[in-house]
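The structure appears right after this line, and notes come after that.
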Amino acid sequence: MSDDTVRLLTPEGVRVEHPEYALDATPEELRSLYRDMALARRFDAEGVTLQRQGELGLWPSLLGQEAAQVGSVRALRDDDHAFPSYREHAVAMGRGLDPLALMRLFRGVDNGDWDPEEHHFHLYTLVIGSQTLHATGYAMGLAKKGAESAVVGYFGDGATAQGDVSEAFNFAAVYGAPVVFFCQNNQWAISESNERQSRVPLYRRAQGFGFPGVRVDGNDVLATLAVTRRALERARQGEGPTLIEAFTYRMGAHTTSDDPTRYRDTAEVESWRAKDPLLRLERLLRAEGSADDAFFAETEAAGEVLATRVRTAVRALSVPGTDHLFDHVYAESHALVDEERAAFDVYQASFVQEV
Amino acid sequence: MTTATTAGAERMTLLSALNVSLRTALAEDPRTLLMGEDIGRLGGVFRVTDGLQKDFGDERVMDTPLAESGIVGTAIGLALSGFRPVVEIQFDGFVFPAYDQIVTQLAKMHARSRGRVRLPVVIRIPYGGAIGAVEHHSESPETLFAHVAGLRVMSPSNPSDAYWMLQEAVRSDDPVIFLEPKRRYYDTGEVDVRATARPHPQGARVVRAGSDLTLAAYGPMVATCLDAAAAASEEGHDLEVVDLRSISPIDFDTLVRSVGRTGRLVIAHEAPVFFGAGAEIAARVTERCFYQLEAPVLRVGGFHSPYPPSRLEDAYLPGLDRVLDAVDRALAA
Ligand SMILES: Cc1ncc(C[n+]2csc(CCOP(=O)(O)OP(=O)(O)O)c2C)c(N)n1
């Protein structure tokens with residue numbers, strides 16, 4: 001990790017000073033950051049398990065990226081907005097979305113149909129990079145309406161190669177949009193390492209568009225929180241966009257369909273295991289005497305409760321009726337859709353009578 | 001992966017047939033390049049390019065940045081400089097960032113230059129549904145390409161065609177949109193890779209002869225239509241199945257001859273029926289066979305609705321029952 005990476009907590013769990021960034025966090029806040037990361041990790045593990053059991057079609061694991069997600073989402077105020085990609089499960093939870101909604105999508109009973117305005121957590125976007133433009137436009141809208149809130153747009157290292165992401169950077173810069181571009185550089189875009197996507201460190205991309213870029217140790221929840229908080233303040237004060245590159249690692253497969261042993265070696269994975277985001281905060285909490293065994297046991301138990309609830313609920317999810325095919329294709333009635341729905345109803349009815 | 005059978009033919013999956021075909025193309029012509037996301041070390045998310053980077057190097061088999069417009073745009077430039085790029089788009093739903101390059105540049109440059117420029121670019125796209133995938137991984141965008149003059153559009157239905165049609169695509173001096181039926185990747189069949197010419201010449205192919213009705217399909221729906229024909233035969237109906245293979249151009253002569261024999265036509269595709277390939281086929285066949293037709297030409301396909309969440313795809317996709325329902329209606333008319 002290079003010198004220009006902001007870090008406030010070492011992998012050994014020791015707090016370090018940074019000339020520009022500081023974070024005053026009470027023991028209670030530290031514990032709650034830990035708890036959010038641990039719950040996200042447990043929830044995510046359940047996603048992998050449920051996929052293996054055939055309950056979900058696919059699961060993109062966030063393992064290793066808990067600090068980047070929890071640290072960044074914690075910096076948001078209620079009136080701020082998050083535009084996720086598809087791996088931001090901890091961000092979703094941080095915004096207050098019932099994470100069962102994420103499982104519905106990956107079970108294939110819907111395509112992710114939560115109300116984006118309810119928790120200011122927008123829809124998952126599977127087409128790489130698209131949402132960075134939506135985040136920028138939303139931020140432009142907030143500014144036009146005179147709102148003093150900001151938007152965080154999440155994307156991966158691979159996404160930075162997409163034209164949409166460059167266009168989002170440029171629009172945000174040109175309009176001074178109150179948006180924070182939060183790139184989780186987890187080192188891999190499926191099988192391609194990030195040198196295949198960019199030949200400059202990603203945070204330096206921002207400079208060429210005319211706004212600041214900063215690299216943060218993405219496995220350090222304290223630094224991530226501090227850096228995102230600052231970027232959001234800038235945005236709210238009308239100082240325009242910031243790019244944050246959270247330097248982290250995807251510990252698991254790209255998704256449950258992927259086999260990472262085909263393209264990366266275990267030594268690399270192991271070297272990142274030593275930088276585990278939860279372990280370092282646990283070390284700090286224990287060293288400072290801010291949390292004891294009871295706290296960790298309690299957190300683990302809460303994780304089990306969450307996992308059990310989710311598991312039971314996922315298994316009970318019913319498949320929607322075929323009206324789902326025809327509902328909401330348009331906001332207003334559409335003759336062709338109505339006709340196809342009617343014809344399909346007749347077809348289905350004929351089928352039932354035969355039986 | 002493959003097992004030897006008689007007379008030079010080998011039994012292999014459609015996936016392996018594509019892999020072998022790409023290997024042949026790379027070996028035969030040093031101008032052939034493969035480009036795409038994760039096609040190198042990983043061998044593509046479906047492994048169509050498995051082992052090719054290892055054997056031909058990363059100058060010939062290129063892992064690209066994650067940018068479809070960039071992939072197709074640079075493939076155009078590479079083609080202008082004398083190469084013959086074969087591009088992989090990871091999934092059907094991710095071709096759209098490249099749609100601008102395909103429609104405004106790739107398709108038109110030959111005509112714009114009055115024939116001076118040739119763009120031998122193949123764009124391979126795994127397409128279609130029935131694999132239980134998340135959004136954007138199950139679409140059938142063929143009409144969006146077939147509607148654009150300057151693009152050839154084809155889709156194989158079986159391993160032998162996969163091998164030979166990809167050879168044809170790679171050798172074509174026109175841009176080709178090559179749609180791979182991903183749900184049929186693991187279907188097996190005989191492929192004679194040592195033959196010097198394809199066993200079945202270009203154009204549509206009657207894959208099952210019959211006299212009562214013609215079922216026309218391409219790509220993933222051919223197998224479904226063959227199943228439907230088998231089921232119908234148990235009820236005494238003798239269906240002919242035509243595998244169109246190419247969607248632009250369409251071999252209407254073969255189709256018209258078939259309909260001339262049967263007097264009835266049902267067209268099946270996964271793509272939405274509205275403005276789908278079936279609409280064009282119905283119109284042309286009606287123009288040419290009006291007096292031979294004994295029933296209206298019917299179409300079976302997807303709805304005018306976004307591809308649904310996977311647990312509903314069985315209802316969305318035209319499966320055996322919906323094909324047979326259309327067959328019954330056409331026979332009753
Ligand atoms: C436009 C588009 N092209 C290709 C894909 C297929 N795809 C899904 S995830 C992925 C890699 C994304 O890497 P990155 O942006 O680094 O995010 P990560 O998955 O590592 O979180 C690819 C190529 C896609 N979803 N969208």
Side-chain angles (χ1 to χ4, degrees), chain A residues 57-58 60 86 104-113 124 126-130 156-166 189-192 196-198 254-255 257-260 262-264 317-322 324-329 334 336-337 339-341 344 347-348 350-351, chain B residues 36-47 50 58 62-71 73 90-91 93-98 100-101 131-138 272-275 300-316 321-322 325-326 328-329:
Chain A
L58 184 82
Y86 46 78
R104 295 173 58 88
L105 187 167
F106 291 104
R107 187 170 171 86
V109 296
D110 63 40
N111 281 331
D113 64 359
Y124 265 18
L126 270 47
V127 181
I128 300 292
S130 290
D157 43 286
T160 63
Q162 279 289 5
D164 275 10
V165 175
S166 284
I190 310 187
S191 72
E192 298 189 11
R196 184 59 25 183
Q197 313 296 347
S198 176
H254 169 69
T255 66
S257 301
D258 178 41
D259 172 12
R262 288 178 72 102
Y263 54 81
R264 68 183 190 186
L317 286 173
S318 54
V319 176
T322 51
H324 186 109
L325 295 170
F326 306 103
D327 290 341
H328 307 298
V329 178
H334 187 282
L336 175 65
V337 175
E339 186 190 312
E340 289 194 347
R341 185 203 299 263
F344 192 63
Y347 166 74
Q348 280 189 304
S350 73
F351 218 67
Chain B
E37 296 156 8
D38 305 289
I39 68 164
R41 196 145 21 136
L42 188 65
V45 294
F46 291 104
R47 313 291 185 255
D50 195 22
D58 59 9
M62 300 159 64
D63 268 331
T64 65
L66 205 180
E68 289 77 9
S69 177
I71 296 170
Q90 204 160 78
F91 278 93
F94 304 139
V95 70
F96 299 107
D100 169 46
Q101 287 288 347
I131 63 160
V134 288
E135 199 185 7
H136 313 298
H137 292 69
S138 304
V273 166
F274 190 56
F275 279 99
V300 200
F303 300 111
H304 189 65
S305 162
Y307 197 88
S310 62
R311 304 263 167 170
L312 274 175
E313 70 181 338
D314 281 351
Y316 176 92
D321 289 330
R322 274 179 47 214
D325 173 68
D328 286 347
R329 282 185 286 129

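Numbered from 1 within each chain, the chains take letters A, B, ... in sequence-line order. Any value given below was found using the heavy atoms of this structure, including those in side chains, with hydrogens, waters and symmetry copies removed.
- Looking at A:I128, only its side chain comes within 4.5 Å of chain B, counting heavy atoms on both sides.
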Full working for side chain to side chain contact (heavy atoms under 4.5 Å, CB included) between B:H137 and A:L58 = CA-CA 12 Å; B:H137 292 69; A:L58 184 82; over 6 Å; no

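- Between the B:R311 side chain and the A:V109 main chain, no donor and acceptor come within less than 3.5 Å of each other.
- Contact annotation for B:D38: both backbone and side-chain heavy atoms come within less than 4.5 Å of a heavy atom of chain A.
- With a threshold of 4.5 angstrom between heavy atoms, B:Y307 approaches chain A through N, CA, C or O but not through any side-chain atom.
- Of the residues considered (A:G112, A:G158, A:S130), A:G158 shows the highest number of contacts with chain B, using heavy-atom pairs under 4.5 Å.
- For A:H328, the NE2 atom is loosely surrounded, since the number of other residues' heavy atoms within 6.0 Å does not exceed 12.
- Using a 4.5 Å cut-off between heavy atoms, A:D258 contacts chain B through its side chain alone, with no backbone atom that close.
- Annotation: maximal heavy-atom pairing with chain B below 4.5 Å, among A:P260, A:S191, A:S198, A:G163, occurs at A:S191.
- Although no hydrogens or angles enter the test, the distance criterion places a donor-acceptor pair under 3.5 Å between the side chain of A:E340 and the main chain of B:H304.
- Heavy-atom minimum distance, A:G108 versus B:P309: O-CB, 3.1 Å.
- Only the side chain of B:F94 comes within contact range of chain A, with heavy atoms under 4.5 Å apart.
- With contacts defined as side-chain heavy-atom distances shorter than 4.5 Å, the pair A:H254/B:L42 does not qualify.
- A distance of 12.0 Å separates CD in B:E37 from CZ in A:R196, rounded to the nearest 0.5 Å.
- For chain B, no part of A:R341 is nearby; none of its heavy atoms comes within less than 4.5 Å.
- Counting only heavy atoms from C-beta outward, the side chains of B:E68 and A:V127 never approach each other to under 4.5 Å.
- Looking at A:F344, the atoms closer than 4.5 Å to chain B (heavy atoms on both sides) all sit in the side chain, from C-beta outward.
- Between B:R47 and A:D259, the shortest heavy-atom distance links the atoms NH2-CB, 4.2 Å.
- Ion pairing of B:D50 with A:R262 is present here, as a side-chain N (NZ or NE/NH1/NH2) and a carboxylate O approach within less than 4.0 Å.
- Taking every heavy atom of both residues into account, B:L312 and A:P320 meet most closely at CD2-O, 3.4 Å.
- The contact between A:L325 and chain B is made by backbone and side chain atoms together, counting heavy-atom distances below 4.5 Å.
- Looking at A:Y347 and B:D321, their side chains come closer than 4.5 Å, going by heavy atoms from C-beta outward.
- No part of B:R329 comes within reach of chain A, as not one of its non-hydrogen atoms sits under 4.5 angstrom from that chain.
- Here the closest non-hydrogen pair linking A:Q162 and B:P97 is OE1-CB, 4.3 Å.
- Inter-residue side-chain proximity for B:V45 and A:S257 is flagged as unmet; no heavy-atom pair is nearer than 4.5 Å.
- For the atom pair CG (A:L126) and NE2 (B:H136), the distance works out to 5.5 Å, reported to the nearest 0.5 Å.
- In this structure, the side chain of A:Q197 does not engage the main chain of B:P65 through any donor-acceptor pair within 3.5 Å.
- By the 4.5 Å heavy-atom criterion applied to side chains, A:H324 and B:Y316 are not counted as neighbours.
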